[in-house]
Amino acid sequence: MNIPSYPEPINLLKGKTVVVTAAAGTGIGYSAAKRAAEEGASVLISDFHERRLNEAADRIAQEVGQRPATCVCDVTNQDHVDGLRDAAIRDLGRVDVLINNAGLGGEVPVVDMTDEQWHRVVDVTMTSVFRMTRAFLPHMQTQKSGAIVNNASVLGWRAQKGQAHYAAAKAGVMAFTRCSAVEAAEFGVRINAVAPSIAMHAFLAKVTTDELLAELSSKEAFGRPAEVWEVANVMMFLASDLSSYMTGEILSVSSQRA
């Protein structure tokens, strides 16, 4: 597999403050937080798992030389979300960028899916984006600037067996992104989303069979999954002033051929 070199920082977010949800572990959220720090931002990361959250902050400190602020947050709990907002404003002084990365998957056919499975995936994956935006947007509107970047998925457009709840939630994230962007535009706040196809990280490899990973990778024109930092790169673009005329857009981070 021909994987490009990791990008050199160019101070794309110098002087900005960034909040990233679900940033523990090895996935897109962690990579987005690391890339934001590398690009000169002051960063706060959140996750519901305190130990993994602190481990992620320690790794960023070792790799970048700057330890992000941390806040334990369950994105399905509005009190937690409001507490995250208050902690971010307290620790960072202001919030310029919010990256809504939290999401929950799972594979189950519709006929076997329980109400609990449906509601849990939709709550974590879609409703959390609403809660976070509702909490942080007034702050950004008051300061007349800000960028929100949501993590959607190509499954919001395309079908895959066993993913009805996840795909429906990601399609909802896309629609929410477009509608909230129209409301926020008059305040100088931009809201966009990325829609990755498949990005490889340790947790995905743990919960997905080798056969399915091979099948999904074979559908990509490059013949490989994305690196998580390749998705994070697009998030950095949407968070930066380089995308100043973009709002309500969904950028596919994919090399799929169909």
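Just so you know, these numbers use all the heavy atoms, side chains as well, and skip hydrogens, waters and symmetry mates.
- Between Phe176 and Val129 there is a side-chain heavy-atom pair separated by less than 4.5 Å.
- Proximity of a side-chain donor or acceptor of Ser240 to a complementary backbone N or O of Phe237 within less than 3.5 Å is detected.
- Rounding to the nearest 0.5 Å places NZ of Lys34 at 10.5 Å from CH2 of Trp229.
- Contact between Tyr166 and Leu104 at its shortest, heavy atoms only, is CD1-O, 3.3 Å.
- Remark: side-chain polar atoms of His80 are paired, donor with acceptor, to backbone N or O of Asp74 under 3.5 angstrom.
- Val64 places none of its side-chain heavy atoms less than 4.5 Å from the side chain of Arg59.
- In terms of hydrophobic clustering, with Ile, Leu, Val, Met, Phe, Trp and Tyr side chains grouped at heavy-atom distances under 4.5 Å, Val149 and Met236 are assigned to a common cluster.
- The two residues Ala135 and Val81 come nearest to each other via the heavy atoms CB-CG1, 3.6 Å.
- Using a 4.0 Å cut-off between a side-chain N of Lys or Arg and a carboxylate O of Asp or Glu, Arg85 and Asp82 qualify as a salt bridge.
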| message | Before you tell me yes or no, could you show the steps for Glu230 and Tyr6 under side chain to side chain donor-acceptor pair (under 3.5 Å), namely the whole-Å CA-CA distance, both residues' side-chain angles and the distance that decides it to 0.1 Å? | response | CA-CA 9 Å; Glu230 291 180 296; Tyr6 193 83; over 6 Å; no
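- One hydrophobic cluster, built from ILVMFWY side chains closer than 4.5 Å, holds both Val194 and Val97.
- The minimum heavy-atom distance linking Ala195 with Met174 is given by the pair CB-CE, 3.9 Å.
- Heavy-atom contacts from other residues, nucleotides or ligands closer than 6.0 Å to CZ of Arg120 number 12 or fewer.
- Under the side-chain contact (heavy atoms from CB on, under 4.5 Å) test applied with Tyr30, the options Ile45, Ile60, Asn101, Val228 reduce to a single match, Ile60.
- Within the 3.5 Å criterion, the main-chain N or O of Ile191 finds no donor-acceptor partner in the side chain of Glu249.
- When all heavy atoms are compared, the tightest approach of Arg131 to Val75 is NH1-O, 3.1 Å.
- Counting all heavy atoms, side chain and backbone alike, Ser197 lies closest to Val154 at CA-CG2, 3.5 Å.
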| Checking side chain to side chain contact (heavy atoms under 4.5 Å, CB included) for the pair Asp115/Trp118: CA distance, chi angles, key distance, verdict? | CA-CA 5 Å; Asp115 282 10; Trp118 171 273; 5.7 Å; no
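- A donor-acceptor contact closer than 3.5 angstrom is absent between the side chains of Gln62 and Asp58.
- Heavy atoms only, all atoms of each residue included: Arg190 and Ser244 are closest at CD-O, 3.3 Å.
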| request: Could you please spell out the steps behind the side chain to side chain donor-acceptor pair (under 3.5 Å) verdict for Asp96 and Thr17? | output: CA-CA 5 Å; Asp96 297 310; Thr17 59; 3.3 Å; yes
| Given the rule in the salt bridge (charged side-chain N to carboxylate O under 4.0 Å, His left out) test, do Lys14 and Glu39 qualify, once you have shown the distances and angles that lead to the verdict? | CA-CA 6 Å; Lys14 183 177 181 180; Glu39 292 297 344; over 6 Å; no
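- Note: Asp91 CG to Cys71 SG = 8.0 Å, rounded to the nearest 0.5 Å.
- By the 4.5 Å heavy-atom criterion applied to side chains, Ile99 and Asn151 are not counted as neighbours.
- Considering only heavy atoms from C-beta on, Met140 comes within 4.5 Å of Leu98 through its side chain.
- The distance from atom CZ of Arg94 to atom NZ of Lys16, rounded to the nearest 0.5 Å, is 8.0 Å.
- Val231 is connected to Leu12 through a chain of hydrophobic side-chain contacts under 4.5 Å among Ile, Leu, Val, Met, Phe, Trp and Tyr, so both are in one cluster.
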| task | Verify side chain to side chain contact (heavy atoms under 4.5 Å, CB included) between Phe130 and Met126, making sure each step is shown before the conclusion. | result | CA-CA 7 Å; Phe130 157 65; Met126 181 180 70; over 6 Å; no
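- Under the 4.5 Å side-chain heavy-atom criterion for Ile, Leu, Val, Met, Phe, Trp and Tyr, Ile198 and Leu155 are members of distinct hydrophobic clusters.
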| said: Applying side chain to side chain contact (heavy atoms under 4.5 Å, CB included) to Ser145 and Phe187, what does each step give before you reach the verdict? | reply: CA-CA 7 Å; Ser145 67; Phe187 299 96; over 6 Å; no
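- To the nearest 0.5 Å, atoms OG (Ser46) and CG (Leu84) are separated by 4.5 Å.
- Counting heavy-atom neighbours within 6.0 Å of Glu50 CD, excluding the residue itself, gives a total of 12 or less.
- Under a hydrophobic clustering in which Ile, Leu, Val, Met, Phe, Trp and Tyr are joined whenever their side-chain heavy atoms come within less than 4.5 Å, directly or via other members, Phe48 and Leu53 fall into different clusters.
- For the pair Gln143 (side chain) and Val95 (backbone), a donor-acceptor distance under 3.5 Å is present.
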| query | Going through the checks in order, is the salt bridge (charged side-chain N to carboxylate O under 4.0 Å, His left out) test met by Glu55 and Arg52? | reply | CA-CA 5 Å; Glu55 290 173 351; Arg52 291 203 307 250; over 6 Å; no
| said: Go through it in stages, so that I can follow the logic: the residues are Lys144 and Glu186, the test is salt bridge (charged side-chain N to carboxylate O under 4.0 Å, His left out), and I'd like the CA-CA distance, side-chain angles, deciding distance and then a yes or no. | reply: CA-CA 9 Å; Lys144 300 294 184 182; Glu186 66 179 284; over 6 Å; no
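- Taken from CD in Gln141 to CD in Glu183, the straight-line distance is 8.5 Å, to the nearest 0.5 Å.
- Inter-residue side-chain proximity for Pro7 and Arg35 is flagged as met; some heavy-atom pair is nearer than 4.5 Å.
- Contact of the Leu251 side chain with the Met246 side chain is registered, since non-hydrogen atoms from C-beta on lie closer than 4.5 Å.
- Between the OG atom in Ser243 and the CG atom in Leu238 there is a gap of 5.0 Å [rounded to 0.5 Å].
- Within 6.0 Å of CG on Asp112 lie more than 12 heavy atoms contributed by other residues, nucleotides or ligands.
- Here the rule is side chain to side chain donor-acceptor pair (under 3.5 Å) with Asn150, and of Thr133, Asn192, Asn100 only Asn100 fits it.
- Contact annotation: the side chain of Asp47 never approaches that of Thr21 to less than 4.5 Å [non-hydrogen atoms, C-beta and beyond].
- Arg51 places none of its side-chain heavy atoms less than 4.5 Å from the side chain of Val72.
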